[in-house]
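What follows is a set of notes on a single structure, which appears directly below.
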Amino acid sequence: MPKLTIDGKEIEVAEGLSVLQACELAGVEIPRFCYHDRLSVAGNCRMCLVEMERAPKPIASCAMPVGEGMVIKTDTDKVKKARNGVMEFLLINHPLDCPICDQGGECDLQDQAVAYGFDRSRYDENKRAVSEKFMGPLIKTIMTRCIQCTRCVRFATEIAGVEDIGLVNRGENAEITTLERAIDSELSGNLVDVCPVGALTSKPYAFVARPWELRKTDSIDVLDAVGSNIRVDTRGREVMRVLPRLHEDINEEWINDKTRHACDGLGRQRLDRPYLRNGAGRLEPVSWAVAFKAIADRLKGVAGNRIAAIAGDLCDAESMLALKDLMTGLGSPNLDCRQDGAQLDPSCRAGYLFNTTIAGIEQSDAALIVGSNPRWEAAMINARLRKRVLQGGFKAGLIGRQVDLTFSYDYLGAGPESLAEIAEGRGAFAEVLKKAERPMLILGMGALARPDGAAVLATARRIAERYGLLAEGWNGFNVLHTAAARVGGLDLGFLPGEGGRDTAGILQGCGDGSVAALYLLGADELDMGRLGDAGKGPFVIYQGHHGDAGAHRADVILPGAAYTEKNATYVNTEGRVQLARLACFPPGEAREDWTILRALSETLGQQLPYDNLGELRQRLVETNRNFAAVDQIEPAAWDSFGQAEGPMDAAPFASPVGVFYMTDPISRASETMAQCVEAFSLGVRKGATGTHG
């Protein structure tokens with residue numbers, strides 16, 4: 001490990017670091033614009049100049065590797081003069097837009113101009129003006145502000161895996177452009193975060209608020225099962241924007257565009273008061289007491305086995321536990337958290353988790369992806385897979401629909417026939433798995449949410465055991481969920497009891513009359529046509545926050561809180577327990593979901609045994625000890641599961657996500673997401689077949 005001296009202080013650092021990184025380790029701040037620790041080094045802004053002993057001129061510290069015996073000085077007059085000069089050049093053509101710039105208050109250029117800049121300019125030439133560029137519905141451009149740091153180009157190419165943005169021309173005529181095309185990436189919103197000036201800003205957020213007006217709350221995203229860490233910025237009761245929060249093991253410092261921009265859907269089509277369907281078949285607003293009394297009257301005398309409950313994809317663990325306890329009190333064994341009908345085996349926790357963990361992908365050397373399009377189902381996991389591919393020594397294979405995953409892979413086939421071939425040890429990719437030291441399998445809902453899903457799961461388990469996916473300190477068997485509520489529901493046992501019905505059985509019972517009452521806890525992804533018409537089919541109670549499919553069919557609507565409006569617990573696809581925080585209050589008379597169930601239980605004569613969130617969370621821990629380990633990975637023991645061997649249907653696997661931008665009630669209510677769907681032709685992407693190795 002080389003030793004070097006920085007401002008008179010000797011420090012030993014790891015081989016391969018840059019001088020800039022060594023200075024940071026020594027506690028010395030180095031200004032920079034083009035350098036970003038997750039992107040390749042460009043070295044074109046020259047703001048990070050430092051003085052090195054025996055060097056004829058200041059060096060760019062971001063591009064200079066450390067060496068034994070280096071003597072670095074960061075605070076000499078020569079360094080200060082060089083930084084003043086660089087800042088002076090950068091500001092030659094920069095417009096005086098700070099009072100009206102959306103980056104104001106969060107701008108690296110502002111901060112560094114104050115800290116390292118010159119107090120005047122010596123240039124009298126006319127400023128250059130650059131025309132704005134079209135980059136899609138999410139990114140607003142003011143390219144006259146651009147300093148050509150090329151962070152956006154490197155992010156798009158290296159992290160997002162698209163080449164829609166680049167630098168054209170040379171010298172003073174250089175411009176960043178997409179050649180008037182929308183940036184075709186689920187991660188394009190991160191370009192705004194990496195831009196150190198106000199050249200790229202958020203189009204939906206333009207001129208909406210200033211950063212010092214906002215209340216900032218750390219929380220968790222629930223629009224997929226990754227559990228990306230986010231910061232929710234609110235003003236009053238309104239969510240103004242959602243930004244990424246650093247979590248190295250999950251989303252690093254990125255989030256996908258749906259997580260970032262669907263937040264405007266939180267203010268549209270909201271349920272803000274209870275509703276009851278009247279004799280004319282119309283929903284009319286009522287008080288909570290009237291709504292509860294209507295439910296109690298309809299459930300009075302109904303046998304428990306004729307009552308059912310289904311939990312939706314955005315439900316928190318507290319509300320699912322409260323509903324489960326209520327259903328148990330009513331004597332109902334008919335409950336399910338798998339509204340897509342996924343054939344998951346809850347008997348073994350390792351059989352339904354992403355056991356490798358998201359960060360563990362970087363340790364793998366081979367991956368078999370089955371029935372999944374991770375680019376749409378879990379964009380942050382797809383970005384991690386791409387990162388691993390770029391590191392080298394990693395082979396990926398896909399069984400399912402042939403799509404562009406932004407990285408090269410071997411296409412192995414469309415359906416179960418190809419999966420069975422690998423299970424039997426045939427094919428070239430079988431040899432790849434045999435030779436791999438840490439192979440992994442990613443099993444998507446496209447393979448499990450089908451009638452033969454149990455047989456597919458059994459085949460996947462055989463592959464895991466045959467090819468050494470299970471070893472000391474390594475579990476390569478992974479289930480990729482699409483619903484934030486799914487793992488939490490499975491951990492809580494929100495599943496059919498003895499003699500109970502699953503989702504398919506519940507829907508069948510609604511059709512033949514054997515199910516008289518159905519409680520939908522935010523469940524909107526069902527075929528509502530199978531519930532029959534209101535007044536003729538089962539009595540449907542819908543508890544949720546948006547007027548989506550479930551509310552349209554409901555006989556009683558109980559308005560709940562969205563994920564930004566409650567303190568709640570979620571478990572992501574890798575089994576990590578995370579806490580979402582209340583950032584603003586729900587609208588109107590809407591309430592937190594568990595409190596609604598607690599109040600309803602009293603009306604029904606089945607009072608739940610907890611009166612506050614602390615007591616309910618204690619009950620969570622009593623139900624499953626995993627809920628005590630917040631933000632930790634508890635390795636799950638491998639046991640017998642997925643034993644339902646049987647024939648698999650020949651139908652090809654299909655991803656459950658048809659349109660990335662509209663997968664839940666919140667994103668379907670979002671005007672921004674609607675603009676994205678229009679811009680990208682209803683989710684049909686350019687180059688749908690992609691490039692494959």
Side-chain angles (χ1 to χ4, degrees), residues 100-106 137-140 189-190 192-193 198 201-224 228-245 255-275 285 314 316 319 484 522 524 543-548 551 557-568 570 579-593 595-596 661-677:
I100 57 122
C101 179
D102 274 317
Q103 200 84 341
E106 301 172 315
L138 302 179
I139 300 173
K140 177 181 172 64
N190 295 290
V192 174
D193 292 340
T201 57
S202 171
K203 189 175 285 188
Y205 181 69
F207 310 123
V208 169
R210 287 299 196 180
W212 52 85
E213 300 174 331
L214 304 177
R215 180 173 177 264
K216 302 167 180 63
T217 307
D218 291 346
S219 193
I220 302 298
D221 171 54
V222 303
L223 302 187
D224 59 24
S228 297
N229 282 225
I230 58 174
R231 192 187 83 194
V232 181
D233 287 0
T234 56
R235 185 171 60 190
R237 284 194 168 190
E238 186 177 0
V239 175
M240 307 306 293
R241 63 178 179 177
V242 172
L243 297 176
R245 188 159 52 94
I255 52 174
N256 69 59
D257 291 347
K258 184 168 53 179
T259 298
R260 184 186 297 267
H261 289 295
C263 60
D264 64 322
L266 291 165
R268 293 187 173 91
Q269 299 181 21
R270 290 302 301 271
L271 301 173
D272 59 356
R273 67 191 69 182
Y275 287 85
L314 306 184
D316 56 279
S319 63
D524 292 283
Q543 180 179 330
H545 41 76
H546 275 75
D548 208 77
I557 294 175
L558 306 177
Y563 72 103
T564 56
E565 300 159 359
K566 56 188 174 183
N567 293 305
Y570 293 89
L579 301 179
R581 304 290 187 186
L582 184 146
C584 58
F585 292 98
E589 297 178 41
R591 298 290 182 265
E592 290 192 30
D593 292 287
T595 63
I596 296 172
Y661 297 102
M662 289 189 173
T663 56
D664 56 85
I666 297 173
S667 58
R668 284 193 288 269
S670 166
E671 184 179 330
T672 304
M673 294 296 98
Q675 292 171 358
C676 289
V677 171

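Atom set for the values below is all heavy atoms of this structure, side chains included, hydrogens, waters and symmetry mates excluded. Just so you know, residue 1 is the first one in the sequence shown, and it goes up from there.
In this structure the side chain of R581 reaches within 4.5 angstrom of the side chain of L579, judged on heavy atoms. In this structure the side chain of I230 reaches within 4.5 angstrom of the side chain of Y563, judged on heavy atoms. E238 places none of its side-chain heavy atoms less than 4.5 Å from the side chain of L266. Within the 4.5 Å cutoff, the side chain of L558 has no heavy atoms near those of the Y275 side chain. With a 4.5 Å cut-off on side-chain heavy atoms, P274 and P285 do not count as touching.
With hydrogens and angles left out, the side-chain atoms of K140 and S202 include no donor and acceptor closer than 3.5 Å. At a cut-off of 3.5 Å, with distance as the only test, no side-chain donor of Q269 or D548 sits close to an acceptor on the other residue. Side-chain contact, D221 with S228: no donor N or O sits under 3.5 Å from an acceptor N or O.
Remark: R245 pairs with D218 by the salt bridge (charged side-chain N to carboxylate O under 4.0 Å, His left out) rule, at least two apart or across chains. Residues passing the salt bridge (charged side-chain N to carboxylate O under 4.0 Å, His left out) test with D316 are K566, sequence neighbours excluded. Evaluation of the side-chain hydrogen bond (donor to acceptor under 3.5 Å, both in side chains) rule for Q103 yields no partner, not counting sequence neighbours. The side-chain hydrogen bond (donor to acceptor under 3.5 Å, both in side chains) check on D102 picks up nothing, with sequence neighbours excluded. Under the rule for a salt bridge (charged side-chain N to carboxylate O under 4.0 Å, His left out), the partners of D233 that lie at least two apart in sequence or sit in another chain are R231, R241.
Taking both residues in full, the closest heavy atoms of A209 and M240 are given as CB-CE, 4.2 Å, listed atom of the first, atom of the second, then distance. Heavy-atom minimum distance, A551 versus H546: CB-O, 4.0 Å. When every heavy atom of P586 is checked against every heavy atom of A590, the shortest pair comes out as CG-O, 3.5 Å. Taking both residues in full, the closest heavy atoms of M662 and S667 are given as CA-OG, 3.5 Å, listed atom of the first, atom of the second, then distance. Across all non-hydrogen atoms, the minimal contact from P665 to L314 is CD-CD1, 4.2 Å. Considering all non-hydrogen atoms of both residues, G588 and R237 come closest at N-NH1, 3.9 Å.
Counting only residues at least two apart or in different chains, side chain to side chain donor-acceptor pair (under 3.5 Å) contacts with residues 203-215 comprise E213-R235.
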Could you walk me through whether R591 and E565 pass the salt bridge (Lys or Arg N to Asp or Glu O under 4.0 Å) check?
-> CA-CA 9 Å; R591 298 290 182 265; E565 300 159 359; over 6 Å; no
Run the side chain to side chain contact (heavy atoms under 4.5 Å, CB included) check on E592 and L582 step by step: do they pass?
-> CA-CA 10 Å; E592 290 192 30; L582 184 146; 3.9 Å; yes
Checking side chain to side chain contact (heavy atoms under 4.5 Å, CB included) for the pair L138/H261: CA distance, chi angles, key distance, verdict?
-> CA-CA 8 Å; L138 302 179; H261 289 295; 3.7 Å; yes
Check step by step if side chain to side chain contact (heavy atoms under 4.5 Å, CB included) holds for D257 and T672.
-> CA-CA 10 Å; D257 291 347; T672 304; over 6 Å; no
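Of the candidates V239, T234, V232, L223, V239 is the only one forming a side-chain contact (heavy atoms from CB on, under 4.5 Å) with C263.
Here the side chain of N190 pairs no donor or acceptor atom with the backbone of D193 at under 3.5 angstrom. Between the side chain of R273 and the backbone N or O of L271 there is no donor-acceptor pair closer than 3.5 Å. No donor-acceptor pair under 3.5 Å is formed between the side chain of T259 and the backbone N or O of I255. Listed for the Q543 side chain is a donor-acceptor partner under 3.5 Å among the backbone atoms of D593. D264 places no side-chain N or O within donor-acceptor distance of the main-chain N or O of S670, the cut-off being under 3.5 Å.
Under the 4.0 Å criterion applied to side-chain N and carboxylate O atoms, D664 and R668 are not assigned as salt-bridge partners.
A distance of 14.5 Å separates NZ of K258 from CZ of R260, quoted to the nearest 0.5 Å. Between the CG atom of N567 and the OG1 atom of T217 there is a distance of 9.5 Å, given to the nearest 0.5 Å.
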